[in-house]
Amino acid sequence: MVSLPDEVLHAVDLEADRRGQSRSGLLRELAEEMLRRRSTARAERMAQIDAMTAAPVDRGGDVAGVLKASRPER
């Protein structure tokens, strides 16, 4: 069950009537659209992040090599 303020419920009912839909049909459609947009936006953002980190960043050092070279021989 979902609780909505009366003014929101009234606006939903008006929009559902305007579209020739039931209240639950309109709410389902709106929820699906919002979730689809969110998913698309999230995928686009992940693609942006992937593009920023696609190429390895050279930090100018070989830490493992330096450590190995500085170890005393056994």
Side-chain angles (χ1 to χ4, degrees):
M1 176 180 264
V2 176
S3 297
L4 297 172
D6 289 341
E7 59 275 4
V8 173
L9 194 55
H10 180 69
V12 168
D13 287 341
L14 289 174
E15 183 62 19
D17 287 343
R18 189 185 70 77
R19 294 183 184 201
Q21 292 179 292
S22 66
R23 177 191 294 166
S24 62
L26 174 63
L27 291 173
R28 180 180 57 249
E29 181 182 309
L30 294 174
E32 288 171 349
E33 181 180 338
M34 187 275 306
L35 292 170
R36 188 172 33 255
R37 285 182 184 183
R38 183 177 176 192
S39 178
T40 300
R42 189 176 281 168
E44 289 171 356
R45 182 62 182 138
M46 290 303 296
Q48 290 172 346
I49 292 169
D50 287 345
M52 291 182 340
T53 60
V57 177
D58 183 10
R59 299 287 185 218
D62 177 18
V63 174
V66 171
L67 287 173
K68 287 178 184 177
S70 66
R71 286 186 186 154
E73 291 188 33
R74 293 180 191 185

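Counting begins at 1 with the first residue of the sequence.
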Check your understanding: Which residues satisfy the side-chain contact (heavy atoms from CB on, under 4.5 Å) test with Asp17, sequence neighbours excluded?
Key ->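 Asp17: no side-chain contact (heavy atoms from CB on, under 4.5 Å) contacts found.
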Count I, L, V, M, F, W, Y as connected when their side-chain heavy atoms are under 4.5 Å apart, and connections chain through other members. Are [X] and [Y] then in the same cluster?
X     : Y     : result
Leu30 : Val8  : yes
Leu27 : Met34 : no
Leu14 : Leu9  : no

Practice item. Please report the shortest heavy-atom distance between Leu26 and Val12, naming the atom on each side. Key: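 That closest heavy-atom pairing would be CD2-O, 3.4 Å.
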Review point. Do you know which two heavy atoms are closest between Ser22 and Ala16, and how far apart they sit?
Key: O-CB, 3.8 Å
Check your understanding: Which residues satisfy the side chain to side chain donor-acceptor pair (under 3.5 Å) test with Arg37, sequence neighbours excluded?
Key -> Glu33
Let me have the donor-acceptor pairs involving side chains of residues 39-46, under 3.5 Å, with sequence neighbours excluded, atom names and distances please.
residue : atom : partner : partner atom : Å
Thr40   : OG1  : Arg36   : O            : 3.0
Arg45   : NH1  : Gln48   : OE1          : 3.0

Practice item. Give me the one residue out of Arg23, Arg19, Arg18 that meets salt bridge (Lys or Arg N to Asp or Glu O under 4.0 Å) with Asp13. Key: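 Answer after filtering Arg23, Arg19, Arg18: Arg23.
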